[in-house]
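Data block below; observations after.
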Number of protein chains: 2
Amino acid sequence: MSKQERTKNLSIHDVAAQAGVSIATVSRVINGKDRVAAETRHRVEEAMRKLDFRPNRQARALGLRKTNTIGLVLPDLLGEFYSELMHGVDTAARDSHMNLMVIRAVGPEEEEAVCEEFLGSGAVDGLIFMISQLDDRAVHELARYKHSLLVIDRDLGDLGIDNVLVDNRSGGYEATMHLIEESRAKHLLFLGGPEENVDTRDRYLGFRDAVRRTGFSLGEEHFYRTDYSYENTFKLCEEKIIRRMAATKGRWGVVAANDDVARGMIDAALDENLGVPDRVAVVGYDDTRLARLARPQLTSMRIPLRELGRTALCLLRDRINGVRLEPSTIIFKGRLIKRRSSVPELPAFVKPGETSEKEQEYAASEVQKA
Amino acid sequence: MSKQERTKNLSIHDVAAQAGVSIATVSRVINGKDRVAAETRHRVEEAMRKLDFRPNRQARALGLRKTNTIGLVLPDLLGEFYSELMHGVDTAARDSHMNLMVIRAVGPEEEEAVCEEFLGSGAVDGLIFMISQLDDRAVHELARYKHSLLVIDRDLGDLGIDNVLVDNRSGGYEATMHLIEESRAKHLLFLGGPEENVDTRDRYLGFRDAVRRTGFSLGEEHFYRTDYSYENTFKLCEEKIIRRMAATKGRWGVVAANDDVARGMIDAALDENLGVPDRVAVVGYDDTRLARLARPQLTSMRIPLRELGRTALCLLRDRINGVRLEPSTIIFKGRLIKRRSSVPELPAFVKPGETSEKEQEYAASEVQKA
DNA sequence: ATGAAAGCGCTAACAC
DNA sequence: GTGTTAGCGCTTTCAT
């Protein structure tokens, strides 16, 4: 293997010359699909090895009109949620010999711009979108690229775009039922995220479903919004919520729209000597690492993010490659991981290794659209 | 803006025809550097707009021998550490109009393969490497691509490769001095990561520096290894360490190689009724979110990861573009964020908003290599 | 200031 | 089987 500093880039021509064949033949052995005489193939392979040749990606992509890379568009790169998702996508991408480009985009303008820039220019073969908010105009634009798009966690209806969703409504329902039935909560509270956030809306709908179904009687104020952060939730609770709880008899049940919010609630409660889960039972969402490491450990709705990422990539890959022509929608369900924050009967702390949560496979229900 | 479904891809030729000029002229207005008559330019721009034209990336890259994308090679995508780093790199990339490819690679073989595959094929212009372990052979291979490589957090010496480092030795030193002087620890312990981990080694060296400098007398076993995980640290402490601590008089000071390890130690201590920080003062590393949300809040060495990522990208970008010819090495220092876990005088919990830690700029010292 | 034409490195008809 | 050749869509001399 010659490792001399070469200033000149190698090309298929050099290999052809070295092996005494034409460039077409070299191309054939590189791509492996056309048939080449065994002996010729060996000569070419030998030549490639000798020259330490590596086909140029751009040229390849240009000829094939295919980059073998897909873009993952996220509103943010920070936080466990996105990491997990990215991990799932990356794993599948690597299995499919595709590359992953991460692209940050917030809001309809940026999202649309990303489509134009990356799909319009052929920089990537497809885009997996985690949309922050939805705006009708943006959606309409997206539809232009429907064959190379997949949208996560946002139901786009009948636009013909692939969708991978999380069933937030049933998740909210399940979390709430758990508080009512197992935690025997007498009062309920829902702590949601920002207004535009669709996850919050669906989880809240599930909350309402459970309330209606059980005939639970809700207090006046049973819905507060936060910005999804620990800090602001803490403040909110301290200022407006804790006092109310302290003044009431009977256990409160709180459905938080994510784990940070749940932790904010819990810490605020504990600071005012409201026992968790004795006086306040709390359920979080996403089952981040925080949930296990906190004390009391946090009951939380686990979303199979990695699996979701994997699925998204595989779906998109198949769509792009024409393996599948019709758009499809896959819905993932979460699973409630029950821990001490909502179950007085559980120990305050399950030691690592003695973990009772079994790693089960997540249930995914598939729905083929017409 | 015509939005008819076009099956045919547009090219520079279509624009040229539409504007009644040659493709060379179109290319010129796209690139903006060559001079074009104002009137012609307008006609071309108008044509591009009308056709909703977007130059093809691959073709461009092929012609220019430049992709405008850089790859970030990480051993893992999970965890706050990598998220923060990635965020920093991404921010700078977006500012520089470059794209970010994330690539996972663990161990020398994969790392080398990534170089070959991505740099050798011209898929990216450069690679930012976060090397997991180091192996002489791999390093040698890297040197081949030194002009398009930057290595983070691993001092490569004089290979001519750009380096962005974290001063782990002085970090370990500072953390240890803090335990000795401010926490008034009577016994010291270092809880490190896996054997191959170079961070652990340097932090430990700093620990030793502090011990020597103060003439502190170390017990027999003052160094344990874990796998950097909360769970296993917890077990290790429970089985081997806590008992020893409980049997001794005087406060223990523990330097943990990361926050998870620190939390494992703390929880194990608390479970055995060893007060933190009263009986055991603990300092973590990385200052992850965990540090603030834990109770007691964790003293931790903050590493300016975003800044580090930004710097890495800018450095690499300039090297690639020939703005800078000599390799450079930049060293970042951490900053110890003092919290309750090592300072009995501090409140158990600093409420959000009342945070005493000021967001200061991180100090970075630059060292130009010969 | 603009155009013609020769690459960039590869793929894919189409011939033989 | 293998070679010839015409693209892929853009950049960039080199003329004019």
Side-chain angles (χ1 to χ4, degrees), chain A residues 6-45 47-48 51-69 117-125, chain B residues 6-45 47-48 51-69 117-125:
Chain A
R6 272 176 287 77
T7 169
K8 197 68 193 105
N9 281 330
L10 286 176
S11 86
I12 208 178
H13 289 96
D14 302 293
V15 179
Q18 172 77 28
V21 297
S22 76
I23 62 164
T25 302
V26 177
S27 175
R28 286 189 183 103
V29 351
I30 290 173
N31 293 295
K33 30 199 334 181
D34 262 326
R35 49 206 303 56
V36 175
E39 199 266 339
T40 319
R41 149 164 287 117
H42 284 137
R43 277 220 316 287
V44 173
E45 280 166 347
M48 298 205 294
L51 299 175
D52 196 16
F53 167 78
R54 211 156 294 271
N56 178 295
R57 275 266 202 109
Q58 319 304 325
R60 202 123 195 280
L62 184 56
L64 292 170
R65 278 163 219 74
K66 191 153 179 21
T67 62
N68 263 308
T69 109
E117 183 183 343
F118 288 83
L119 289 177
S121 72
V124 299
D125 296 336
Chain B
R6 272 176 288 78
T7 169
K8 196 71 192 98
N9 281 331
L10 286 176
S11 85
I12 209 177
H13 288 97
D14 303 293
V15 179
Q18 172 77 29
V21 296
S22 76
I23 61 165
T25 303
V26 177
S27 174
R28 286 188 183 104
V29 352
I30 289 174
N31 293 293
K33 29 199 335 180
D34 261 325
R35 50 205 309 47
V36 176
E39 199 266 340
T40 319
R41 148 163 290 118
H42 285 139
R43 279 220 315 287
V44 173
E45 279 167 348
M48 298 204 294
L51 297 176
D52 196 17
F53 167 77
R54 211 158 293 273
N56 179 293
R57 277 268 202 106
Q58 318 305 322
R60 203 119 196 282
L62 184 56
L64 292 170
R65 278 163 218 76
K66 190 153 179 29
T67 61
N68 263 308
T69 109
E117 183 183 341
F118 288 82
L119 288 178
S121 73
V124 298
D125 295 337

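Note on naming: letters A, B, ... go to the chains in the order of the sequence lines (proteins, then strands), and numbering restarts at 1 for each one.
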Counting the atoms with a prime plus P, OP1 and OP2 as sugar-phosphate, which does [X] contact under 4.0 Å by heavy atoms, base, sugar-phosphate, or nothing?
X      : result
S11(B) : sugar-phosphate
V21(A) : sugar-phosphate
L64(B) : sugar-phosphate
A37(B) : sugar-phosphate

Closest-nucleotide 5' rank along DNA chain C - winner of S27(A) and A59(B):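 Closer to the 5' end of DNA chain C: A59(B).
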Quickly work out the [X] [atom1] to [N] [atom2] distance and round it to whole Å.
X      : N       : atom1 : atom2 : answer
K33(B) : dA1(C)  : NZ    : P     : 17 Å
Q58(A) : dT11(D) : CD    : C1'   : 14 Å
I12(B) : dG9(D)  : CD1   : C1'   : 7 Å
R65(B) : dT11(D) : CZ    : P     : 12 Å
L62(A) : dG9(D)  : CG    : C1'   : 6 Å

With a 4.0 Å limit, can you tell me whether [X] has a side-chain N or O closer than that to the phosphate oxygens OP1/OP2 of [N]?
X      : N       : value
R35(A) : dG1(D)  : yes
N9(A)  : dC8(C)  : no
T25(B) : dG3(C)  : yes
N31(A) : dT11(C) : yes

Starting the side chain at C-beta, find the nucleotide from [options] nearest to [X].
X      : options                   : answer
R28(A) : dA13(C), dT11(D), dT12(D) : dA13(C)
T40(A) : dT2(D), dC10(C), dT4(D)   : dT2(D)
A24(B) : dT4(D), dC10(D), dA4(C)   : dA4(C)
S22(B) : dC8(C), dG3(D), dG3(C)    : dG3(C)
R60(A) : dC10(C), dG9(C), dG3(C)   : dC10(C)

CZ on R65(A) to CG on L62(A), rounded to 0.5 Å: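 Atom-to-atom, L62(A):CG and R65(A):CZ are 7.5 Å apart.
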S121(A) side-chain N/O to E117(A) backbone N/O, donor-acceptor pair under 3.5 Å: yes
Worked verdict on V29(B) versus M48(B) for side-chain contact (heavy atoms from CB on, under 4.5 Å): CA-CA 10 Å; V29(B) 352; M48(B) 298 204 294; 4.0 Å; yes
Criterion side-chain hydrogen bond (donor to acceptor under 3.5 Å, both in side chains) against R60(A), the qualifying member of N68(A), N31(A), T67(A): N31(A)
Passing candidate, side chain to side chain contact (heavy atoms under 4.5 Å, CB included) with F53(B), options I30(B), N9(B), D14(B):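 Of I30(B), N9(B), D14(B), side chain to side chain contact (heavy atoms under 4.5 Å, CB included) with F53(B) is met by I30(B) alone.
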